[in-house]
Amino acid sequence: MIQYFDLQRYNDSFGDDLYKAARQVMRSGWYIKGHEVECFEHEYAEYIGTRYCITTGNGLDALTAVLSAWKQMHGWADGDEVILPANTFIATALAVTRAALTPVLCEPHISQPTIDENCIQQLITPRTRAIIPVHLYGQMANMDAINRIARHNHLLVLEDACQAHGAIYNSSIGLQLASLFGRRAGNNSDAAAFSFYPIKNLGCMGDGGAITTDDRELAERVRAITNYGQTTKYIHDCEGFNSRLDELQAAMLRVKLPRLDRDNARRVEIARYYSTHICHPAVELLPLVDDMSHVYHVFAIRCKNRTRLQAILARQGIQTMIHYPVPIHRQNAYRQFATLQMPVSEAWADEELSLPISPATTDEEVMQVVDAINQNIY
Ligand SMILES: *Cc1c(COP(=O)(O)O)cnc(C)c1O
């Protein structure tokens with residue numbers, strides 16, 4: 001049986017370190033807002049390259065907190081508009097509606113899962129306030145173009161980096177130089193949101209999230225909003241909620257962060273093997289991006305006979321996933337968008353199949369998956 005992501009095997013690869021870190025926190029008698037969180041925030045900000053990192057309870061809260069903070073800081077009205085891709089995970093849209101703003105859905109590229117920057121301009125109205133590019137599947141959106149459109153139209157940009165921990169924009173300068181001078185996902189716009197859900201490229205043993213930014217005012221506001229709107233103890237200057245990373249999770253993340261680059265490099269290696277060996281008339285491969293601007297959170301292929309392919313692989317013990325079977329405008333939760341025609345997003349939803357990939361996936365498993373795809377009829 002080849003699991004889509006063998007989380008147990010992956011976590012075992014850290015040996016005793018995760019247990020040691022957990023034990024230390026449990027013995028400390030201090031579980032919320034302590035030393036581990038403080039250290040992790042410094043270490044993650046330094047890794048991403050931003051001045052500030054504020055941790056949260058999950059990725060959805062990280063996205064929501066930034067939008068709520070901007071709304072308060074800039075006096076945005078309820079119903080003001082935020083542009084996001086229609087093929088993203090629903091959390092990106094939920095953050096917008098939770099902040100009482102209006103999602104405006106944009107098509108992605110055909111051969112790249114990220115938002116099509118050429119479709120953004122026509123969606124901008126006098127009420128547009130922000131764009132949320134999503135680094136979907138681990139591939140960074142075209143940030144130069146998106147930032148240019150944003151500057152030109154006085155919009156803010158929030159990166160949804162929940163699938164792209166460690167990705168480096170424009171890293172074609174070579175990996176060595178890129179990791180020194182490149183701009184990581186989360187450091188290419190006004191603010192970014194991360195999730196540390198267990199199977200993300202950097203994941204903890206439960207829920208977790210973070211915001212990165214260089215903007216001091218935003219950092220302070222977000223820190224208050226995620227802690228009941230509190231600025232000093234029992235003094236509440238704005239309306240907030242409670243969303244915090246706990247000490248146990250921060251301790252786990254501090255064990256895992258130093259290995260993130262190596263683990264991402266292994267994902268790229270697997271992607272390279274899939275890309276150069278899968279060959280079947282019914283399978284459409286996406287262009288290989290092997291310069292770390294794609295950290296292959298998901299290895300996606302497209303197949304018009306996806307249902308049959310998925311069933312054949314399952315029969316051979318190979319677990320696959322679909323990211324995502326229903327685009328936002330076709331979800332019952334968002335009936336107001338049901339009349340939208342978004343053929344590119346719909347094609348992604350109908351044809352995408354995600355192959356097994358994790359830093360712990362073995363060469364043998366990857367070869368088995370390739371053989372199963374190449375040697376069957378569907
Ligand atoms: C995982 C994810 C989120 C939400 O993160 P949670 O921690 O599960 O709340 C948001 N956006 C994208 C693109 C994600 O993949």
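Order of appearance sets the numbers: ligands from 1, and atoms from 1 within every ligand. FYI, side chains are in, hydrogens and waters are out, and symmetry mates aren't considered; it's all heavy atoms of this structure. Predicted model only: the values in this text are computed from it and were never measured.
- E117 contributes atom CD, which lies 13.0 Å from atom CD1 of I83 (distance to the nearest 0.5 angstrom).
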Between ligand 1 and the protein, tabulate every N or O atom pair separated by less than 3.5 Å, reporting distance only.
from: ligand 1; atom 1: 5 (O); to: S195; atom 2: OG; distance (Å): 3.3
from: ligand 1; atom 1: 7 (O); to: G59; atom 2: N; distance (Å): 2.7
from: ligand 1; atom 1: 7 (O); to: S195; atom 2: OG; distance (Å): 2.6
from: ligand 1; atom 1: 9 (O); to: G59; atom 2: N; distance (Å): 3.2
from: ligand 1; atom 1: 9 (O); to: L60; atom 2: N; distance (Å): 2.9
from: ligand 1; atom 1: 11 (N); to: D160; atom 2: OD1; distance (Å): 3.4
from: ligand 1; atom 1: 11 (N); to: D160; atom 2: OD2; distance (Å): 2.9
from: ligand 1; atom 1: 15 (O); to: Q163; atom 2: NE2; distance (Å): 2.8
from: ligand 1; atom 1: 15 (O); to: K200; atom 2: NZ; distance (Å): 2.8

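- With rounding to the nearest 0.5 Å, the separation of CD in Q24 from NE2 in H35 is 8.0 Å.
- Salt bridge status for R330 with E346: present, with a side-chain N to carboxylate O gap under 4.0 Å.
- Applying the side-chain contact (heavy atoms from CB on, under 4.5 Å) test to R51 and every residue at least two apart in sequence or in another chain returns D214.
- The line from NE2 of H74 to NZ of K71 is 13.0 Å long, rounded to the nearest 0.5 Å.
- Tested against I131, the residues I120, V104, L84 include a single side-chain contact (heavy atoms from CB on, under 4.5 Å) partner, I120.
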